[in-house]
Structures are given as C-alpha cells and as structure tokens.
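Note: hydrogens, waters and symmetry copies are ignored here, and every other heavy atom, side chains too, is used.
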Amino acid sequence: GLCKSIGVSNFLIHHLEQLKEDCVITPHVNQVEYHPFQRPQELVDYCKSRDIVFEGYCPLAKGEALTHPTIIQLAKKYGRTPAQICIRWSIQNGIVTIPKSTKAERIQENCKVFDFTIAEDDVKILNGMHDGRHVSWDPSLI
C-alpha cells in the first residue's frame, strides 16, 4: 500500500504481462532504448494502449546515428545537426525522449528541436531504418 506510482526500465511486453500478474499497480512509465535502429513499435503501441508512457533513451544510438549517411543527408536538408534530427524524429513519433550529454553546448543543441518539423516522408525514411540493433543491452534475454 506504500507504492502509488512506479516506473520500469527495459520491460518488453512479456515483462509487462508478468508484472501485471505479480502487481496491482500498472507502471506509469517504461524507459526503453529508442533510436532509428531500434524502434520497437509493437512495444510502443502496447504501452500506449495501457496508458504507460513510453520513454526512449539513447536517441542518438550512442553516436552511431550521427554518422549514418541518411541522417546526415536529412540534417543538411533541414539545416540541423544529426542529433537534432534523431531527437525531433523521436518526439514526432510520440516518444518522451531523453538525450544525454555532459557538454553544455550539446545540451543546448539537443533542446533546439521544437521549432521545426520533419516531413512525413522523411519520418517514414527514418522509421524504415529499424534493424533491431541494440547499443545499450538487449532486454529480450531476461
């Protein structure tokens, strides 16, 4: 009776289903790796349908996305950085997004993503880059 709200991290659908069996409180948030190479749309939809906020971490794929030719091309098209393209794409997909940096100038850059929109055709291109790659760790092994 002490816990009113919980958040979980790296819970896949089967983890959330097991939690439902073991717990009466539904998590309010599920923090999961999310970037153009790791876009678990089935999990996003599952969370949405159960009012669980899907929160994405590693939006830059630990830097791997910053050197991808498609992302670089889109950054040039929009006059933005590759990081801003990845963060904006994530936000446009309805994901609460957590970019990480220790450098003040990068933190400021990461915040400048609310004054432009990526066209739907370009969002589809980024959505299509999903290849299931994890840059953090793979929770399916648990």
Can you check whether [X] reaches [Y] side chain to side chain, under 4.5 Å on heavy atoms?
X	Y	answer
V32	S9	no
N10	Q31	no
S136	Y57	yes
I98	P59	no
I85	L126	yes
V8	I52	no
K103	S101	yes
L19	H15	no

For the student: nearest non-hydrogen atoms of [X] and [Y], plus distance:
X	Y	answer
P99	N110	CB-ND2, 3.7 Å
H14	I142	NE2-O, 3.4 Å
K48	N93	NZ-O, 4.2 Å
P82	A75	N-CB, 3.6 Å
L66	A83	CD2-N, 3.5 Å

Practice problem: Would you confirm whether S49, through its side chain, and Y46, through its main-chain N or O, come within 3.5 Å as a donor-acceptor pair? | Solution: yes

Exercise. Please check if the side chain of Q108 supplies one atom and the backbone of E105 the other of a donor-acceptor pair under 3.5 Å.
Key: no

Exercise. For E42, look at atom CD and say whether over 12 heavy atoms of other residues, nucleotides or ligands are found less than 6.0 Å away.
Key: no

Quiz item: Given the rule in the salt bridge (charged side-chain N to carboxylate O under 4.0 Å, His left out) test, do K20 and E17 qualify, once you have shown the distances and angles that lead to the verdict?
Solution: CA-CA 5 Å; K20 196 165 60 172; E17 287 292 318; 3.4 Å; yes

Quiz prompt | Lys NZ or Arg CZ of R39 over F37 ring: under 6.0 Å, within 45° | solution = no

Quiz item: Hey, mind stepping through R80 and R88 against side chain to side chain contact (heavy atoms under 4.5 Å, CB included) and telling me if it holds?
Solution: CA-CA 10 Å; R80 301 295 172 146; R88 181 66 201 177; over 6 Å; no

Same apolar cluster (I L V M F W Y, side chains within < 4.5 Å links), [X]/[Y]:
X	Y	value
I91	I71	yes
L12	V44	yes
V96	I87	no
F114	I95	yes
V113	V123	yes

Quiz item: Can you name the side-chain hydrogen bond (donor to acceptor under 3.5 Å, both in side chains) partners of H28, sequence neighbours left out?
Solution: S5

Quiz prompt | Audit row: M129, T70, side chain to side chain contact (heavy atoms under 4.5 Å, CB included) steps and yes/no | solution = CA-CA 9 Å; M129 293 175 65; T70 301; 4.2 Å; yes

Quiz item: Should the ring pair F54 and Y34 be called parallel, tilted or perpendicular, given that the plane angle runs from 0 to 90° and is split at 30 and 60?
Solution: perpendicular

Exercise. Would you please test K100 and L60 for side chain to side chain contact (heavy atoms under 4.5 Å, CB included) and show each step?
Key: CA-CA 9 Å; K100 176 186 167 193; L60 312 180; over 6 Å; no

Quiz item: Run the side chain to side chain contact (heavy atoms under 4.5 Å, CB included) check on V135 and Q38 step by step: do they pass?
Solution: CA-CA 9 Å; V135 297; Q38 180 54 245; over 6 Å; no

Quiz item: So, T117 versus Q92: side-chain donor-acceptor pair below 3.5 Å or not?
Solution: no

Exercise. Report yes or no: do D122 and W89 form a side-chain donor-acceptor pair below 3.5 Å?
Key: no

Quiz item: CZ of R50 to CD1 of I13: how many Å apart, nearest 0.5 Å?
Solution: 7.5 Å

Quiz item: Which distance, rounded to the nearest 0.5 Å, do you find between the CG of L43 and the SG of C47?
Solution: 4.5 Å

